[in-house]
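Chain naming here is simple, since letters A, B, ... match the order of the sequence lines and numbering starts at 1 in each.
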Amino acid sequence: MPMNDTSLFRNILRASVLALTLPLVFTMAACSSPSVDDTTGTADVDASASGEIVVYTALEDELVEEYLTDFSAQYPEITVNIVRESTGTITAKLLAEKDNPVADLVWGTAASSLLVLDDEGMLEPYEPVGVENILDKFKSTKAVPSWVGIDVWETAFVINTVELEKLGLTVDDIKTYDDLLKPELKGHIVMSNPSSSGTGLLTVTGLMQLKGKGTDAGWNYLDQLHENIDQYVHSGSKPAKMAGAGETIVGVSFGYAGIKQKRDGLPVEVVFPTEGSGWDLEANALMKKDAINPAAQTFLDWAISDSAMNMYKGNYPIITNGQGAKYDGFESDPVDQLIDNDLSWIAQNRESILENWNEKYDGKSAAR
Amino acid sequence: MNNSFLEIETITKTFGKQTALDNVSASINKGELVCVLGPSGCGKTTLLRIIAGLETADSGSIVIDGRDATFLPPSKRNFGIVFQSYALFPNMTVQGNILFGLRQKRGMTKAAMVEKAREALHLVDLFEHRNKYPRQLSGGMQQRTALARAIALSPAFLLLDEPLSALDAKVRAKLRRDIRSIQQDLGITTIMVTHDQEEALTMADRIIVMNNAVVEQIGTPCEVYDHPATPFVANFIGTMNTYTDAGNICAIRPENIEIADSTDHDTWAEIRSIEFKGALTRVHGVLPNSEDVCLDLPSDRVKDLNLMEGSTIHLSMPKDHLRKYAVAA
Amino acid sequence: MDKLRRYLTGLRVSQLLVLLLCLVMLTVVLIFPIFSLFSKAFLNKSGDFVGFANYIKYFDTPALSTSIINTIDISLWSTLFSMILGFGYAFALTRTRIKGKAFFKYTALIPIFIPTLVHALGLVYLFGKQGILTRAGLFPFELYGRLGIIISETIYTFPQAFLMFYVALEFADGRLYEAAESMGASHARVLFRVTFPEIKYTIVSAFFVCFTLAFTDFGAPKVIGGSFNVLATDVYKQVAGQFNFNMGAVVGTLLLIPAVASFTVDRLVNSKNSGTISARATQLTIKASTGRDVFFFTLCSLVTGFFLVLIIALAIGGLTENYPYNLAFTLDNFSFNRSVGGMGAYTNSLKMALATAIFGTIFVFVYAYMIEKTAGFTLLRRFGKLLSVLPLALPGMVIGIAFIFFFNSKTNPLNFVYGTMAILVIANILHYFSVPFLTASGCLKKLDREYESVSDSMNVPRWKMFIRVSVPLSLPAILEISMYFFVNAMVTVSAVVFLYSANFKIAAIAITHMEEAGDFGQAAAMSLLILLMNVGVRIAYEAAVRLIKRRTNHQEVTV
């Protein structure tokens, strides 16, 4: 039956032509945009002062832009490709990319996140130039540090003064954590959710440490605070923004978020609780990759250089070399505001704290 | 003398648990128009699709023009097909529809294709409409377009799947004649599937009557009408009186029953109603065993006999028109 | 041997190969990545197999399992509202004599032209504690939480419900209504006995589409949901808060439930759904009725007015110096920060949306053709149908993370697409696959089943038949599909936020960054640009469809 065989053959041939077309189409799409892996460095140029690096960061967009101007002026031959996302998203992305990291380095991302990456063995220890200037409590404890902090963010109350007056209170009435328990504030406090926000986590762990590690005092306080909370939100800066917009009166957020609202001319005051603030670091780390790009080390050196540090402190007064600025209207040394944070205790207890917290408070509005 | 063009040999086809064709065989001669007639669901369309190669039989074979075609794809069987829905391409003109298939022919010049299309269009009398789109044509014209499209490829045979069912009665009658005359002019072997017995009787050289996945009878229109092989055929084609007599099923057409006198009759009936139908009048009655009977008489005769409802008539059943079937087990 | 040979004869090898290719391609970008993520639901953090332990843990945590009830609750309410509104709105545009139908038809689609984040912003400006309506005392409710999510999801799903009902109601068999009227049936009776049965399949489909969209949406609950937990925010908390991919995968699998349910119901309904409009259907003549028209005009005006307020707020925000303190006109907001990608983000979005539209349309249409128009391969085609509804159930975040796991793996030969525009395009095509598939298969179902048989008999190859007949006849649907892909690719955030690379930033993500940074002016300006482009594309689409229709009408006139 030769007829059949030829027709069968022709059918297969036709089908394979079709079969080739569709993937080709996808490939074309793939090739139409440049790949991030392209490196333009050539052998006769100093590899540490040229080339292209991929930097993941959780710093605010506008700050990234401001800081990078300085880097580009110093290292015009290095092209910096930035991926900026919120702390949670960028950390999730880094973790998901674990098998084949894209980023050369992480810049200005929560130390608590970098601890997770370090546990996963994803960080390459590196001693940037000038690391000796960084205070010990603000960098990794390893001999060759796997991460180095640049500045600190800490729990702060962002208070809408206009709305607060309507309750018959003034900013002076809210100075301490216990002030948040005032019955007038019932339903007027927004706080970030510790299971989705680093700020929420540092606030809760900070409170636990302030009230006494391993005791119920912290939970007792949170139980009472919970009565006054309007909602827990999934972002650290959102409580500050909501206070700025009058959507709530007190936002339990972090310092910079409130200061930015104030700078924008919104009627808010930033209050640091007198008992002290829980805090976390914005920190840098080198990613463990098959080939370490020397330009990434150059960037990390710059990222703790004096010129960089001076820029950081314009926005985050507490910087990790101890040469910080002062907050507007904040009399004492801002470093004194920070509680004695036990990062390893946080790392150990984080899961059980969150579990307990979720069980106690997270279903809040479901009951409504 | 073997004039056979298409051999359908012991075809069986099932869809899941349902048997569509059960050991169906038939032979179709060159140049004849054969109607496959049967009620819906009898398997006739499946048979057509198997002949076309659009379905494959579970067993049995198809031989086209002396060549085993059982395993050939449709494109190698060289047929033209026309569907009830016309299946014209609405985005192409009448001529475009016809050229669409012609372009696949190898070694044909553009001019030859246009000429071929022109011939086909003339054949169905649509040449002046060649630049219209299907939606601009009436149903009958659309169906003629579909026919022209099938013919233009000079197929060895034509398959028509209920081609007239979507049309209204007048157009249908005209198109019957058109199709038949085109088929005879071209001398092209044609298999037409239909559920309309009148269509089959008027158009076909031979009729394959099917029911419940089997062939009941194959024969000329006269044969199946006058000598239905089974009670099904007898009942399905034309009007047929059936009654039981001595363990047999007896069947006789209304026009064949004769009025007899009281001494020399086979049976008698009481008239229930009289239906004037023009030249003929149909008389409905009840046999002594309470079975219905009807007979067609020339209207003048009814007048002459002065038949009335309630009156009794004596009937004679001529032997050469009376069919007897054993009662099916 | 004979059996095999018969089987092979019936087998259209080239069709089988193309069908397989389609299925393989969708499997590779859908099942493989999703499996690489969802398999983690059965592993612990260190990667050991733990069976259902994660599920047991999830259901044992009351706060977490409450999310399931919450999600069903808000999905049901928002589906109910958007179906009622969508039906009413579509009814107004197809079965009444109100004025301004064209205008209403465009404005109904506003929600799909802007990122969902922007809806939420608009809601806060209207109904938040300081919202315009709240301050005027017209909204004495708590927006944040359940109510906010329901309103937001209703806005989000309304255009889908409206479009589905519009298509269903547009074609009516006037004879049915004449018959009902001649029997003296009341309006309500006609509605329940004629209209609803006529569109019952659409009602079921609309229910599942709206329900699934609301069930899996993350944008609204995140911005406006307060502490009302739903499954999508649970995924976020697990993945981006606690970096617990295992638990994230557990919740992700739960999100698939409505899609699988809808597939089952679809099979049940579809097997009985043979009622198509017959060729003899007559045009429905709409009777004059002032009361009816006033009612429906008011309904349309309210819905449209609501959407327009959102746009006006955007326009004010985008074109003023510093709303609400400095209302001077400015175009400064359009000079976007470099760090979010600047104007390049917008052009990147255009490129990506265009590529999504082109490749997505080609793929989805070929895919639907293979599913609808091939004979045999019943099991394969059923599998293909199941594949086609799954993407509807996947939140963008799940697609994003799963794509990282799958495509960024060193051993994956497709690794080269990671970090390029192509992966964004693939993610978008996958994310928005289900609705275009329904459009394409619905359109193909209407084409004569015998075209394929005729072309076989004429020895015309399938691909030629596909290009010369099926594609031209489906042009309106094809345009609709490409528009759908384009518009969604312009506004989507959730999947691509994990996948965009440093040198290919896109506009919708820029908007979220602007909003996070509090640059409402810039966010509004960028939203306006996206809106303009999407409206432009929509107008181009309508013009093209009108052109096609006019061409066919013209043919009819010359009879």
Side-chain angles (χ1 to χ4, degrees), chain A residues 8 11-12 14-16 18-19 22 25-26 29-30 32-37 54 60-62 64-65 81-86 88-89 91-93 95-97 99-100 102 116 193 195-197 231-234 237 241 245-248 260-261 264-265 354 358-359 362-366 368, chain C residues 12-14 17-18 21 25 61-64 66 70 124 128-130 144-146 222 226-229 233 236-237 239-243 245 325 337-340 355 359 362-363 401 404-405 408-410 415-417 419-422 425-426 461 463 497-498 501-504 513 516-518:
Chain A
L8 184 79
N11 274 341
I12 293 173
R14 272 185 211 137
S16 11
L18 262 175
L22 282 171
V25 152
F26 277 90
S32 65
S33 67
S35 159
V36 271
D37 299 331
V54 177
E60 318 288 319
D61 275 310
E62 51 191 349
V64 169
E65 194 167 344
N81 291 316
I82 293 281
V83 175
R84 195 220 81 91
E85 280 303 331
S86 65
T89 305
T91 314
K93 187 170 159 78
L95 283 166
E97 287 176 347
D99 288 343
N100 195 10
V102 173
V116 177
N193 186 325
S195 46
S196 52
S197 149
Q231 51 174 313
Y232 300 101
V233 295
H234 301 295
S237 59
K241 271 184 278 174
E247 289 296 314
T248 189
K260 186 168 183 305
Q261 296 288 306
D264 286 348
L354 285 180
N358 281 331
E359 195 161 325
D362 201 21
K364 171 151 189 164
S365 50
R368 274 186 198 167
Chain C
R12 303 283 172 263
V13 177
S14 53
L17 287 182
V18 178
L21 180 76
M25 284 173 73
T61 315
L64 292 181
T66 317
N70 285 353
V124 171
K129 292 220 167 68
Q130 303 298 326
Y144 297 99
R146 182 167 175 261
K222 189 194 171 202
S227 18
F228 190 83
N229 290 322
T233 50
Y236 179 79
K237 277 192 290 193
V239 169
Q242 296 166 42
F243 316 123
F245 293 116
Y325 306 109
N337 286 349
R338 198 169 52 100
S339 59
V340 297
F359 298 120
I362 294 174
F363 181 66
I401 304 261
I404 298 181
F405 280 131
N408 192 42
S409 153
K410 276 179 187 163
N415 178 254
F416 67 92
V417 300
T420 66
M421 181 180 90
V425 171
I426 296 172
W463 62 266
V497 72
F498 288 96
S501 74
N503 40 23
F504 196 85
H513 288 184
E516 276 174 22

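- Contacts between Lys93(A) and chain C at a heavy-atom distance below 4.5 Å involve backbone atoms as well as side-chain atoms.
- Put simply, of Thr89(A), Val233(A), Asn193(A), the one with the most heavy-atom pairs under 4.5 Å next to chain C is Thr89(A).
- The shortest heavy-atom contact between Lys237(C) and Ser196(A) is CG-CB, 3.5 Å.
- Between the side chains of His513(C) and Glu85(A), at least one donor N or O lies within less than 3.5 Å of an accepting N or O.
- Only the side chain of Leu354(A) comes within contact range of chain C, judged by heavy atoms closer than 4.5 Å.
- Contacts with chain C were tallied for Asp99(A), Val116(A), Asn100(A); Asn100(A) has the most, counting heavy-atom pairs under 4.5 Å.
- Nearest heavy atoms, Gln242(C) versus Ser195(A): NE2-CB, 2.8 Å.
- Interface remark: of the candidates Ser237(A), Ala92(A), Ser197(A), Ala92(A) forms the most heavy-atom pairs closer than 4.5 Å to chain C.
- Heavy atoms of Tyr236(C) lying under 4.5 Å from chain A belong exclusively to its side chain.
- Contact annotation for Ala245(A): only backbone heavy atoms (N, CA, C, O) come within less than 4.5 Å of a heavy atom of chain C.
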